[in-house]
Amino acid sequence: MASFSIKFLAPSLPNPTRFSKSTTLKLNATPPQTVAAAGPPEVAAERLEPRVEEKDGYWILKEQFRQGINPQEKVKIEKEPMKLFMENGIEELAKIPIEEIDQSKLTKDDIDVRLKWLGLFHRRKNQYGRFMMRLKLPNGVTTSAQTRYLASVIRKYGEEGCADITTRQNWQIRGVVLPDVPEILKGLEEVGLTSLQSGMDNVRNPVGNPLAGIDPEEIVDTRPYTNLLSQFITGNSRGNPAVSNLPRKWNPCVVGSHDLYEHPHINDLAYMPAIKDGRFGFNLLVGGFFSAKRCDEAIPLDAWVPADDVVPVCKAILEAFRDLGFRGNRQKCRMMWLIDELGVEGFRAEVEKRMPQQELERASPEDLVQKQWERRDYLGVHPQNQEGYSFIGLHIPVGRVQADDMDDLARLADEYGSGELRLTVEQNIIIPNIENSKIEALLKEPILRKFSPDPPILMKGLVACTGNQFCGQAIIETKARSLKITEEVQRQVSLTRPVRMHWTGCPNTCAQVQVADIGFMGCLTRDKDKKTVEGADVFLGGRIGSDSHLGEVYKKAVPCDELVPLIVDLLVKNFGAVPREREETED
């Protein structure tokens, strides 16, 4: 295996004078949280023995820890997934007809499991022989050239090809066939993109402030940090086996806004900007995650790192998770289960011993995120902190675009902006760096009738996962249904403020229904005639921002055909909606 080195770009740090004691910036004290009075759990010394070891450049599970492991771990042991990329195994695999691939368990596991290390997901159930490809797009920042390239890829697949914006500021493209993959990977490299290590037991796309560098109210520009993290995680897009054999997926984010657009409470690692002794850095939250069986908000690690240690602490946390995490029941392999077992202090100690100097400072009380902050709407036209320039937020209905749409959006970024586009966790797009003199012409562009800067109020917060159109795990169709139901609800009620509604096709909750005001999780249920139909468990009360809170189940197994009246009732009772009949009568 070829060796690799990682060259990092130096981030531009906030001006330290902004955070001197004489500053008028409001700081919010967040005293370090201590372990409960009962004390940390007792952990035997042998439990802290790393369960993996390096062999021939890759990290594998030690023989003595292979009892009771899950099937995915067995697939990794049988053949190292990263070899498909780092040793060009994909070149040979792509030449084999898929029918022949299916005749061997080894190659069948290649296309159904191991290719996820290259960001390729075989849609065996709903699109046999076709793949979804997930990109890495740190901070959601992309270029018009990259967008056009992705458009060119999906265009050749006709009706099978499309693209989705994900809830991690990312692109997923659909319709890909295996023989095309080597050429697509080369094309991605040429435009500065990668799909490497974006699926299965890897670190997912680093999320940051979608307004980074252009927001007049930003705390810190998150782009340098998310770029550094992505470069480390993927070995500068050449592969980093040191963090590619985790027990389960792992989500990071870097917070740069008071609005908490980054959703830190649902990430495995969240960097929260904070000052300590006049130095800028980050307090750390750890363990936030969603799964079919358990959802938890991130908790304080009681740790602060200077800005220079963003990557070293990420590496230390990943190594602790890699070395010690569970590899049995997949529902108990996320990092929070390890934190539960070791206790916060025990987990922190394991992170500390893996830091370069084996030191980890305690959290700072000078949290820079203002607690009482009304989250701003980024859709529409807004001034940047660069005088004479604005950005525009465009609503992309449930994040779905076609090849022509991507070309149109790339053209807008070139003609009116600087050729840059930004993806958001709400599945929308921001075009920055628009001269104010061009705004009027931009707003007249025909494509803005489809991707509006001022969508109907209920559409603003609508998020939907892929659904069973393409995803084999989804129980129900989500994207088209969510749009249809929302349109019908809008005809029945009037609202004065957005209500965030999220639709997910299965309990894996890719659309994060627990953070929505109203969430819908797909299920099968029975209608009034006792027939099996598509339905949803309805969640209520999720919140984002400084007052974050996970919603809870309001009503289970509601047939989809019965959701409109239920939603109308919830909006009237809980969100101040007014039935349109009554509104017209009062007029």
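The figures here come from the full heavy-atom set of this structure, side chains too, leaving out hydrogens, waters and symmetry mates.
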Please list, chain by chain and in numerical order, all residues satisfying salt bridge (Lys or Arg N to Asp or Glu O under 4.0 Å) with R327, sequence neighbours excluded.
E73
Heavy-atom distance under 4.5 Å between the side chains of L229 and V203, does that happen here?
no
Is there a side-chain contact between T167 and H502 in this structure, where contact means two heavy atoms from C-beta onward sitting under 4.5 Å apart?
no
Is the side chain of D180 donor-acceptor paired with the backbone N or O of V176 at a distance under 3.5 Å, no angle test?
no
Any ion pair linking D340 and K332 (charged N to carboxylate O, less than 4.0 Å)?
no
Looking at W250 and L318, would you say the former's side chain and the latter's main chain have a donor-acceptor pair under 3.5 Å?
no
Salt bridge check: are D302 and R362 linked by an N-O gap of less than 4.0 Å?
yes
Between R354 and E350, is there a side-chain N and carboxylate O pair less than 4.0 Å apart?
yes
Around atom CD of E53, are there more than 12 heavy atoms of other residues, nucleotides or ligands at under 6.0 Å?
yes
Determine the minimum heavy-atom distance between F520 and A536, stating which atoms define it.
CB-CB, 4.1 Å
Would you check if the side chain of Q146 reaches a backbone N or O of V191 as a donor-acceptor pair within less than 3.5 Å?
yes
So for atom NZ, which belongs to K353, do other residues, nucleotides or ligands contribute more than 12 heavy atoms lying within a distance under 6.0 Å?
yes
S195 side chain to L118 main-chain N or O, any donor-acceptor pair under 3.5 Å?
yes
Do the side chain of N240 and the main chain of F232 share a donor and acceptor less than 3.5 angstrom apart?
yes
Minimal non-hydrogen separation, V351 against A316, with atom names
O-CB, 3.6 Å
For the pair W503 (side chain) and E477 (backbone), establish whether a donor and an acceptor sit closer than 3.5 Å, ignoring hydrogens and angles.
no
Contact check, side chains of T525 and K556, non-hydrogen atoms, under 4.5 Å
no
Close side-chain approach of M272 and V369, heavy atoms under 4.5 Å:
yes
Do T478 and N468 have side chains that approach each other closer than 4.5 Å (heavy atoms only, starting at C-beta)?
no
Result of checking I299, D296, L301 against I339 for side chain to side chain contact (heavy atoms under 4.5 Å, CB included):
I299
N-O pairing of R248 and D268 below 4.0 Å
no
Between Y149 and I184, is there a donor-acceptor pair closer than 3.5 Å when you use the side chain of the first and the backbone of the second?
yes
Judged by modelled atom types alone, do N139 and T222 share a side-chain donor-acceptor pair under 3.5 Å?
yes
M521 side chain near T509 side chain, heavy-atom distance below 4.5 Å
yes
Strictly below 4.0 Å, N to O, side chains only: are K79 and D109 in salt-bridge contact?
no
Residues K95, E91: salt bridge by 4.0 Å N-O rule
no
Charged N to carboxylate O under 4.0 angstrom, E78 versus R114?
yes
K186 with E189: basic N within carboxylate O range, under 4.0 Å:
no
Min side-chain heavy-atom separation K74-I69 under 4.5 Å:
yes
Do D323 and K62 meet the salt-bridge criterion of a basic N to acidic O distance under 4.0 Å?
no
Under a 3.5 Å distance rule, please check whether Q169 uses its side chain to pair with a backbone N or O of N205 as donor and acceptor.
no
Counting only heavy atoms not in E54, do more than 12 sit closer than 6.0 Å to its CD atom?
yes
Quick one: NZ on K76 to CG on N70, what's the gap to the nearest 0.5 Å?
7.0 Å
Check salt bridge (Lys or Arg N to Asp or Glu O under 4.0 Å) between R130 and all other residues, then give those that pass, not counting sequence neighbours.
none
Considering the options I111, V181, N88, which one meets the side chain to side chain contact (heavy atoms under 4.5 Å, CB included) requirement together with L93?
I111
Treating K125 as the side-chain partner and Q473 as the backbone partner, does any N or O pair qualify as donor plus acceptor under 3.5 Å?
no
More than 12 heavy atoms of other residues, nucleotides or ligands under 6.0 Å from NZ of K479: is that the case?
yes
Should we count CD of Q357 as having more than 12 external heavy atoms under 6.0 Å?
no
Does the ring of F326 carry R47 above it, NZ/CZ under 6.0 angstrom from centre and within 45° of its axis?
yes
Does N170 use its side chain to pair, donor to acceptor, with the backbone of L135 at less than 3.5 Å?
yes
Would you please classify the geometry between the H265 ring and the H263 ring as parallel, tilted or perpendicular, with 30° and 60° separating the classes?
tilted
Using the ring of each side chain (for Trp, its six-membered ring), is Y225 parallel, tilted or perpendicular to F282, with breaks at 30° and 60°?
perpendicular
Is there a salt bridge (charged side-chain N to carboxylate O under 4.0 Å, His left out) between R279 and E361? Walk through the geometry before answering.
CA-CA 12 Å; R279 298 172 295 157; E361 296 186 46; 3.0 Å; yes
Do V177 and F131 have side chains that approach each other closer than 4.5 Å (heavy atoms only, starting at C-beta)?
no
Say whether R168 and N267, considering side chains only, have a donor N or O and an acceptor N or O under 3.5 Å apart.
yes
